[in-house]
Amino acid sequence: LAKTTQPISMDSYEGQEVNITCSHNNIATNDYITWYQQFPSQGPRFIIQGYKTKVTNEVASLFIPADRKSSTLSLPRVSLSDTAVYYCLLHSGTYKYIFGTGTRLKVLA
Amino acid sequence: GAGVSQSPSNKVTEKGKDVELRCDPISGHTALYWYRQSLGQGLEFLIYFQGNSAPDKSGLPSDRFSAERTGGSVSTLTIQRTQQEDSAVYLCASSLAAPNTGLFFGEGSRLTVL
């Protein structure tokens, strides 16, 4: 299974745009890239998913370059409530959803 | 139900006792997953069900762990002869059978083994 690498932690201030990059050099042709958000004492929550180029929803944007060896989750104008752990994972439509250690985002006032 | 439901939300037990954790997936979701999350750590995949079948049990940490799913719905994760290292949050998720539809997680069952 392709492995993902993310920064362990990031700090940001309220109102800033936050970009979290995930590296996946060995991504397979069939792999989709999905991001989850986890608040303390809760299960992870689906944020966004993409295959290539750019995907945007009401919560975030996902940028995927042409070689697909990395992806960047972009959170516009973060607030204190965006403090959470963000997981990047790859899957190809099978059952294998393997979570890494994630990126711990702390938003400061 | 509206979401994935897990029970109990908290369980404190003594070392050596057996525990059962229950997961009720979203109606219509044929795939069901169990994960374990130790304090401050990422999610560890345990087992996956498609319907009542578990094609891959390789994530179960030891033979003290078992899981079953009946009627393609509710699943039970059983831990026999609990050890202190079993203390963690056990998360259940479900998804549609179609690929790339995303996982929907429950709130988890926090297990503490004294």
Correct closest heavy-atom pair for A:Gly43 and B:Leu91 would be CA-CD2, 3.7 Å

What's the shortest heavy-atom distance between A:Ser41 and B:Arg110, and which atoms?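 Closest approach of A:Ser41 to B:Arg110: OG-NH2, 4.0 Å.
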
Path from A:Phe63 to A:Met10 over hydrophobic side-chain contacts below 4.5 Å: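 Different hydrophobic clusters.
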
Should we say atom [atom1] of [X] is surrounded by more than 12 heavy atoms from elsewhere, each under 6.0 Å from it?
| X | atom1 | answer |
| --- | --- | --- |
| A:Phe39 | CZ | yes |
| B:Glu14 | CD | no |
| B:Leu39 | CG | no |
| B:Lys17 | NZ | no |

Which bit of A:Tyr87 comes within less than 4.5 Å of chain B, counting heavy atoms only: side chain, backbone, both or neither? side chain

Considering only heavy atoms, which portion of A:Arg104 lies under 4.5 Å from any heavy atom of chain B: side chain, backbone, both, or neither?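 For A:Arg104, the side chain is the part near chain B, not the backbone.
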
Using side-chain contact (heavy atoms from CB on, under 4.5 Å) as the criterion, list what pairs up with A:Phe46, not counting sequence neighbours. A:Thr34, A:Tyr36, A:Gln49

Please look at B:Gln37 and chain A and tell me whether the side chain, the backbone, both or neither of the residue comes under 4.5 angstrom of a heavy atom of that chain. side chain

Is B:Gln41 close to chain A through its backbone or its side chain, or both, or neither, when contacts mean heavy atoms under 4.5 Å?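 Answer is backbone: N, CA, C or O of B:Gln41 sit under 4.5 Å from chain A.
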
I need the A:Leu89 CG to B:Leu43 CG distance, nearest 0.5 Å.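 Taking CG in A:Leu89 and CG in B:Leu43, the distance rounds to 9.5 Å.
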
